[in-house]
Engineer: 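Next up is a structure, given as structure tokens.
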Amino acid sequence: MAIIYNEKNKTFNLQTKNTSYIIGVIEDTVLLHLYYGKKIRAYNQDLYEIAVTRDAGAFCGSDFESNPYLRSEALAVEYPCYGHADLRTPAFHAEYENGSAITKLDYVDYRIFDGKKAIPGLPSTYAENDGEVQTLEITLRDALTGLEVILSYSVFEDFDAIAKSVKIKNLTGQNVRLKSAISSTTYVFDKRFEFVHLAGAWARERHIQRVPLTSGNISVDSKRVSSSHQHSPFMALARPETTENAGEVYGYSLVYSGNFIAQADVGAYDLTRLNMGINPFGFNWLLEDGEEFCTPEVISVYSANGFGEMSRSFHRLYRNRLCRGKWRDIERPVLINNWEATYFDFDEEKILNIAKKAQSLGVELMVLDDGWFGKRDDDTNSLGDWVADRRKLPGGIDALAKKVTELGMKFGLWFEPEMVSEDSDLYRAHPDWCIHVEGRRRTPSRQQLVLDLSRDDVCDYIVDAVSKVLGSAPISYVKWDMNRNITEIGSAKLPAERQQELPHRYMLGLYSVLERLTGMFPDVLFEGCSGGGGRFDAGMLPYFPQYWTSDDTDAIERLYIQHGTSMVMPSCTMGAHVSAVPNHQIGRTTSMKTRGNVAMMGQFGYELDLSTLSDEDIAEVRNQIETYKKIRTTVHRGDMYRLRSPFEGRNTAWEYVAEDKSRVVLMYCTIMGKVQAELTRVRFEGLDADAKYRDTETGTVYDADFLMNRGLFFDDNHDFESRLMIFERV
Ligand code: DGJ
């Protein structure tokens with residue numbers, strides 16, 4: 001049983017395979033966070049132990065009539081609300097009709113059941129059968145207003161993860177304005193931790209950052225109505241000494257793609273509150289009497305054995321119980337995308353030539369990128385007009401898709417359905433369909449505006465336009481792009497009192513569109529993209545089992561980007577392509593071999609004009625595709641071990657061990673070489689300790705304990721050189 005309730009001291013022990021998350025009720029009213037960490041059988045201690053050890057008298061009131069010595073600021077309140085003695089950053093803040101913005105949420109009751117409910121309108125993790133998840137729901141109520149808050153905890157015992165979300169029920173008889181409704185609050189009980197997050201920019205996404213906690217507030221957030229290139233809805237709290245395979249770390253990942261906050265609020269007494277959820281900035285939701293509001297869910301993972309174990313828990317859960325549909329478990333095709341080969345300058349013949357060459361080398365899917373519709377020869381126009389440009393494609397998409405299919409390949413197509421160009425028929429017909437504020441400039445970004453997905457008519461248009469194209473031709477794959485952030489938040493349709501709801505309503509609209517389209521076309525593989533990895537977050541995975549990780553296709557830059565991304569995202573979700581050199585983003589030249597080796601550690605593809613390659617490179621491409629087809633299941637479904645970090649030295653090593661440990665893939669890449677350099681020892685992890693493994697290239701057989709303890713040595717003699725090794729258990 002994953003959830004154990006102890007009636008005597010009113011504690012709930014949420015147990016996964018290796019962890020316990022424990023909360024309990026004191027004074028019959030307040031739910032406290034008591035413990036999160038390595039699994040413990042029971043919490044038989046006095047709940048007041050933590051609460052009363054601090055003499056928090058001065059300037060700290062008590063929320064307890066029954067016990068004035070229980071100072072609220074010294075307590076780890078599990079779902080803190082604003083307005084009483086606890087004046088730290090709250091999870092919950094709401095305003096009532098009398099102008100008061102004070103709520104007091106008291107514990108009412110609980111219920112435990114097998115299985116997990118879906119969250120209406122939002123993506124979430126799921127159980128395949130009720131036996132694999134148990135859920136605890138705790139009801140809190142404001143005695144004065146009657147407002148109810150239901151905290152939900154779903155325990156994925158075998159996945160070592162807990163999914164938390166919150167439902168707010170307005171049973172007050174009046175309208176309530178939600179100003180903050182955080183999804184998860186937890187604590188660490190001292191501040192000797194580092195706040196770990198993923199930060200970046202376009203073409204430099206998700207670089208790992210570690211900042212020591214100090215008194216005050218550390219947070220990352222987004223106000224862009226997209227989780228963004230700049231920050232990710234992820235945070236980890238790690239001990240300063242935590243490494244990849246040792247030390248404790250708490251990981252939190254939000255299943256949401258819009259404005260978010262991830263925050264560590266170090267209070268007096270160093271008790272550190274961790275809040276994660278929708279960003280309270282720009283959030284203001286009118287909850288009418290009788291209505292409910294559901295927050296997105298936060299996935300929490302605790303590892304006593306470093307970042308690697310934390311990431312592997314996220315990876316297993318996300319690839320098995322967040323990704324879904326036909327493409328979740330099957331091998332995905334090697335693709336070629338024409339974007340960096342042609343940009344907007346193509347016609348049917350050029351695309352077919354690329355496809356023919358690619359097919360002869362083993363590529364399985366031809367993706368036609370931006371520029372196939374309207375009159376789009378550059379990025380100034382036509383978004384919204386999803387009709388093929390007959391100048392470039394005389395027979396339309398159908399004729400091209402059929403010709404590609406006849407070559408023995410699948411055909412895929414790019415869309416950017418959330419956007420509209422001012423120079424488009426759609427904008428001319430519906431200038432009020434974009435997000436804007438009357439009287440203010442509609443700030444273009446990449447020469448485009450954003451459609452107002454809070455409107456049902458706009459969502460219907462998108463579903464209709466995309467499904468018409470998908471239904472008209474043999475299209476097996478969609479690349480769904482999104483190339484700007486959202487400014488001038490305003491909707492022509494929403495009433496004044498709901499204008500501030502637009503950021504969240506946009507997300508609900510987007511999720512509903514994606515739900516409908518992926519439901520209508522279950523066989524189509526949808527890949528997400530937002531100028532590369534701009535919205536690559538957990539909220540996207542139910543619709544997009546893979547995501548274009550970054551517009552930066554340089555192999556060396558990709559080491560950093562893919563390494564950082566893998567903190568949360570499994571390799572099966574990371575789109576990774578070989579592109580031309582000098583690289584279009586950074587001008588660097590690396591070998592075809594290294595470009596291939598790095599890209600093969602994600603969902604593999606090409607994005608260059610194959611007809612310009614030397615015979616030697618063509619032979620290498622053929623060899624890469626053959627190799628990738630042998631290793632893709634291990635890389636995508638296996639356990640990933642980050643053995644060397646690009647952020648910490650001159651090389652990178654990633655290892656993937658098949659679920660049954662029968663096969664191992666190791667990729668080693670030198671970043672900067674060094675003359676007469678010392679050798680780098682790489683110790684393998686996660687092997688079947690008693691087995692032997694054969695290097696499939698050299699035939700050398702190693703004991704697993706040799707590989708894991710003594711390891712192999714690699715040289716760093718030359719910049720950007722790499723090796724790919726495949727081992728099989730003998
Ligand atoms: C941005 C994407 O990240 C690129 O891969 C490409 O699809 C362009 N958009 C097309 O406009």
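Computed from heavy atoms alone, side chains included, the values below leave out hydrogens, waters and symmetry copies. Atoms within each ligand, like the ligands themselves, are counted from 1 in listed order. Computed from a predicted structure; not experimentally measured.
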Engineer: Would you check if there is a donor-acceptor pair between the side chains of R224 and N279 at a distance under 3.5 Å?
Structural biologist: no
Engineer: Should you measure from each heavy atom of G532, which atoms of ligand 1 turn up under 4.0 Å away?
Structural biologist: 3 (O)
Engineer: For ligand 1, is any non-hydrogen atom under 4.0 Å from N337's backbone (N, CA, C, O), its side chain (CB onward), both, or neither?
Structural biologist: neither
Engineer: Just how far is it from atom OG1 of T518 to atom CZ of F526, taken to the nearest 0.5 Å?
Structural biologist: 6.0 Å
Engineer: Heavy-atom contacts under 4.0 Å between E340 and ligand 1: side chain, backbone, both, or neither?
Structural biologist: neither
Engineer: In terms of atom number and element, which parts of ligand 1 are under 4.0 angstrom from non-hydrogen atoms of K479?
Structural biologist: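 Contacts of ligand 1 toward K479, numbered from 1: 4 (C), 5 (O), 6 (C), 7 (O).
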Engineer: Which of the atoms of ligand 1 are close to G531, meaning less than 4.0 Å from one of its heavy atoms?
Structural biologist: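 So the answer, numbered in order with elements, is 1 (C), 3 (O).
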Engineer: Applying a 4.0 Å heavy-atom criterion (strictly less than), which segment of E416 is in contact with ligand 1: side chain, backbone, both, or neither?
Structural biologist: neither
Engineer: Does F346 have K392 sitting over its ring (NZ/CZ under 6.0 Å from centre, angle to axis within 45°)?
Structural biologist: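 Here K392 passes the 6.0 Å and 45° test against F346.
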Engineer: Less than 4.0 Å is my threshold; does some heavy atom of R376 fall inside it relative to ligand 1?
Structural biologist: no
Engineer: Could you tell me whether some N/O pair between E607 and ligand 1 is separated by less than 3.5 angstrom?
Structural biologist: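 The answer is no, given that E607 and ligand 1 share no N or O pair closer than 3.5 Å.
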Engineer: Do K326 and P522 come within less than 4.5 Å of each other through their side chains, counting heavy atoms only?
Structural biologist: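 The answer is no, as the side chains (C-beta and beyond) never meet within the 4.5 Å cut-off.
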Engineer: Consider every N or O of W339 and every N or O of ligand 1, then say whether any pair is closer than 3.5 Å.
Structural biologist: no
Engineer: I need the nearest protein heavy-atom contact for atom 6 (C) of ligand 1: residue, atom name and distance, please.
Structural biologist: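 So the nearest neighbour among protein heavy atoms is D369 OD1, 3.4 Å.
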Engineer: In Å, rounded to the nearest 0.5 Å, how long is the span from CZ of R324 to OH of Y543?
Structural biologist: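 Taking CZ in R324 and OH in Y543, the distance rounds to 5.5 Å.
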Engineer: Just jot down the ligand 1 atoms closer than 4.0 angstrom to any heavy atom of D370, in number order.
Structural biologist: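 Checking each atom against D370, I get 10 (C), 11 (O).
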Engineer: My understanding is that only one of W548, W339, F604, Y606 makes a ring pair (Phe, Tyr, Trp, His ring centres under 6.0 Å) with H577; could you say which?
Structural biologist: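 For H577, the ring pair (Phe, Tyr, Trp, His ring centres under 6.0 Å) check succeeds only for W548.
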Engineer: Judged on heavy-atom distance to atom 9 (N) of ligand 1, which of D481, N338, T553 sits nearest?
Structural biologist: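 Checking each option, the heavy atom nearest atom 9 (N) of ligand 1 is found in D481.
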Engineer: Only one of F344, W386, F415 passes ring pair (Phe, Tyr, Trp, His ring centres under 6.0 Å) with F373; say which it is.
Structural biologist: W386
Engineer: Run the numbers for me: atoms of ligand 1, each under 4.0 Å from some heavy atom of C529, listed by number.
Structural biologist: 2 (C), 3 (O)
Engineer: Please list, in number order, the atoms of ligand 1 under 4.0 Å from a heavy atom of W548.
Structural biologist: 3 (O), 5 (O)
Engineer: For the residue pair D481 / W414, report whether a side-chain donor-acceptor contact shorter than 3.5 Å exists.
Structural biologist: yes
Engineer: Which protein heavy atom lies closest to atom 3 (O) of ligand 1, and at what distance to 0.1 Å?
Structural biologist: D551 OD1, 2.4 Å
Engineer: What's the separation between atom NZ in K223 and atom CZ in F281, rounded to the nearest 0.5 Å?
Structural biologist: 6.0 Å
Engineer: Does the side chain of E422 reach to within under 4.5 Å of the side chain of Q447, using non-hydrogen atoms?
Structural biologist: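 The answer is no, as the side chains (C-beta and beyond) never meet within the 4.5 Å cut-off.
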